[in-house]
Number of protein chains: 2
Amino acid sequence: MSNPKADTAPTNPSARDKLLAAGFAVIRSKGYSGTTVDELCAAAGVTKGAFFHHFKSKEALGVAAADYWSEFTGALFASAPYHDHADPLDRVLGYIDFRRLLLSGELPDYTCLVGTMVQETYLTAPAIRDACHASISGHARTLAPDIQAAMDAHGMRDTGWTAESLALHTQVVLQGAFILAKAEDSVSVAIDSVDHLKRYLTLLFSQPEEKVS
Amino acid sequence: MSNPKADTAPTNPSARDKLLAAGFAVIRSKGYSGTTVDELCAAAGVTKGAFFHHFKSKEALGVAAADYWSEFTGALFASAPYHDHADPLDRVLGYIDFRRLLLSGELPDYTCLVGTMVQETYLTAPAIRDACHASISGHARTLAPDIQAAMDAHGMRDTGWTAESLALHTQVVLQGAFILAKAEDSVSVAIDSVDHLKRYLTLLFSQPEEKVS
DNA sequence: GCCAACATACCGACTGGTCGGTATCAATAG
DNA sequence: CTATTGATACCGACCAGTCGGTATGTTGGC
């Protein structure tokens, strides 16, 4: 109900969107279970009545937030500059550089909403887990073609791994980097790991013949 | 208080230990915030009075569980067979193999308690975050000497990365692998990522430059 | 007796969720 | 032009149940 089509938000710029934006901030700070509906309402500056007018339950907001996260990040990465490189490997490495660039500000600003949510809800709220899964795997799927093209360009066959698995591995490193960053309360460990990831990709694609910077 | 020395459990095999064991299982399934004290008591088969006799608060149990996790995993990895290799690189790769071997059973069986907890508590419960940080960084610290020895054996200097950062990177990959596994409800993505990690280490230490062995 | 180790009953604050109501706008009829 | 209808957006008091935590036992070893 409520919103027949979950578009980017043409009709009303108000309560529903404010709640989703508040969801991004609050859930990334305190987790899904640690976030209360009242808190969400307070952060969004709306009342509880407005909340349950737009979302039939707290879990429904979790799903909607994950979906909105997919849209949001989808637009962000679609418009990122790394797609402009002619060489597919440069596009892949450019993606890593872009992810590294995004690691700034406070922890709740650069950590991943769906990675945070799925940790707590994978068993208790399958609907949220599915939405988080769709977000992560959908994002990874945008990387796979460039990786595959790079593999083809380097004549790589029978590698023992697939473009899809490497795309997922980049997400694994990023998600893990967020966890270590939270534990250390510092972004530096995340940056180091992204550097290790880039080094891995560089080594992978440096055939015996060719050289790599 | 309560337990002056948190030994492996010689004095009382009862309520406190049962609660910690229940904490492992329940928190890994539902997260820290999603776990209630009543649930913990039910899972441990003790009453609420017993809970608050041994832990002054739910947060105190979180800290104790993280500390106990450090002990538990410390003993597990200390007695693992990968230390027996003569070559330091073999010990490091053996560690990766061992981690891969541990990826079996259901998700709550092989995922990391402290990685799960720190996601939700890094801002709201600093004491838990610190305990989780100590657990992760302490574990990484057990790997660093072998990595450093392997670097020395291969005559690696000015690599642009340190043994410590690579040790932390292994933890990043594992933590991230758990998140993706939860999202996909499958262990295979975690296994693939651990394989990528091993491939990275293998490539790193097979530089064509110098060989000292 | 005494104290640690539990058990039972209970509390107040808070939780997700409900419900009757209001404000606003568009369409339609008279 | 007004009146009516109906749909949507939002308000905020309220509810029943749950939460972490406490107060008061009871038991058993030393």
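Each chain gets a letter, A, B and so on, in the order its sequence line appears, and its residues count up from 1.
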query: How is B/Thr47 classified with respect to the nucleic acid when contacts are heavy atoms under 4.0 Å: base, sugar-phosphate, or nothing?
result: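 Base contact.
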field: Residue pair A/Thr142 / A/Tyr95, side-chain heavy-atom distance below 4.5 Å
entry: no
task: Kindly indicate whether the side chain of A/Leu93, heavy atoms from C-beta on, has any atom under 4.5 Å from the side chain of A/Thr202.
output: yes
Can you tell me how far [atom2] of [N] sits from [atom1] of [X], to the nearest Å?
X	N	atom1	atom2	result
B/His54	C/dC6	NE2	P	4 Å
B/Glu39	D/dG20	CD	C1'	14 Å
B/Phe51	D/dT22	CZ	P	12 Å
B/Leu61	D/dG21	CG	P	11 Å
A/Phe55	D/dA9	CZ	C1'	13 Å
A/Asp38	D/dC14	CG	P	15 Å

message: Could you check whether the side chain of A/Lys48 and the base of C/dG16 have a donor-acceptor pair of N or O atoms closer than 3.5 Å, going by distance alone?
response: yes
message: Ignoring hydrogens and geometry beyond distance, is the side chain of B/Lys58 in donor-acceptor contact with the base of D/dG21 at under 3.5 Å?
response: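 For B/Lys58, whose side chain was compared with the base of D/dG21, there is no donor-acceptor pair (under 3.5 Å).
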task: Report yes if a side-chain nitrogen or oxygen of B/His53 is closer than 4.0 Å to either non-bridging phosphate oxygen (OP1 or OP2) of C/dA5; otherwise report no.
output: yes
field: Check: A/Arg91 side chain, A/Ala86 main-chain N or O, donor-acceptor pair, under 3.5 Å
entry: yes
Closest approach to the side chain of [X], judged atom by atom: which nucleotide of [options] is it?
X	options	value
B/Val37	D/dC11, D/dG20, C/dC6	D/dG20
B/Ser57	C/dG16, D/dG21, D/dG20	D/dG21
A/Phe52	C/dT18, C/dT15, C/dC6	C/dT18

Residue pairs passing the side-chain hydrogen bond (donor to acceptor under 3.5 Å, both in side chains) test where at least one lies in residues 105-118 of chain B, sequence neighbours excluded: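 Residue pairs with at least one partner in residues 105-118 of chain B: A/Gln119-B/Thr116, B/Thr116-B/Lys182.
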field: Of all pairs that satisfy side-chain hydrogen bond (donor to acceptor under 3.5 Å, both in side chains), the ones with a partner from residues 34-43 of chain A, not counting sequence neighbours
entry: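 Sorted result for residues 34-43 of chain A: A/Lys30-A/Glu39, A/Asp38-A/Lys48.
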For B/Glu120, side chain to side chain donor-acceptor pair (under 3.5 Å) partners two or more places apart: B/Ser33
task: Name every residue in residues 19-35 of chain A that has at least one heavy atom under 4.0 Å from any atom of DNA chain D, in order of residue number, or write none if there are no such residues.
output: none
task: Please round to 10 degrees the angle between the axis of the first five pairs and the axis of the last five pairs in the helix from C/dG1-D/dC30 to C/dG30-D/dC1.
output: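 Taking five pairs per end, the axes differ by 10°.
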- request: Could you check B/His83 against B/Phe77 for ring-ring contact (aromatic ring centres under 6.0 Å, His included), going step by step and ending with a plain yes or no?
  value: CA-CA 9 Å; B/His83 299 287; B/Phe77 289 102; 8.7 Å; no
message: Side chains of A/His196 and B/Ser165: any donor to acceptor distance under 3.5 Å?
response: yes
message: Suppose we screen for ring-ring contact (aromatic ring centres under 6.0 Å, His included). Which residues come up paired with B/Phe24, at least two apart in sequence or across chains?
response: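 B/Phe24 satisfies ring-ring contact (aromatic ring centres under 6.0 Å, His included) with B/Tyr68, B/Trp69, B/Phe72 only.
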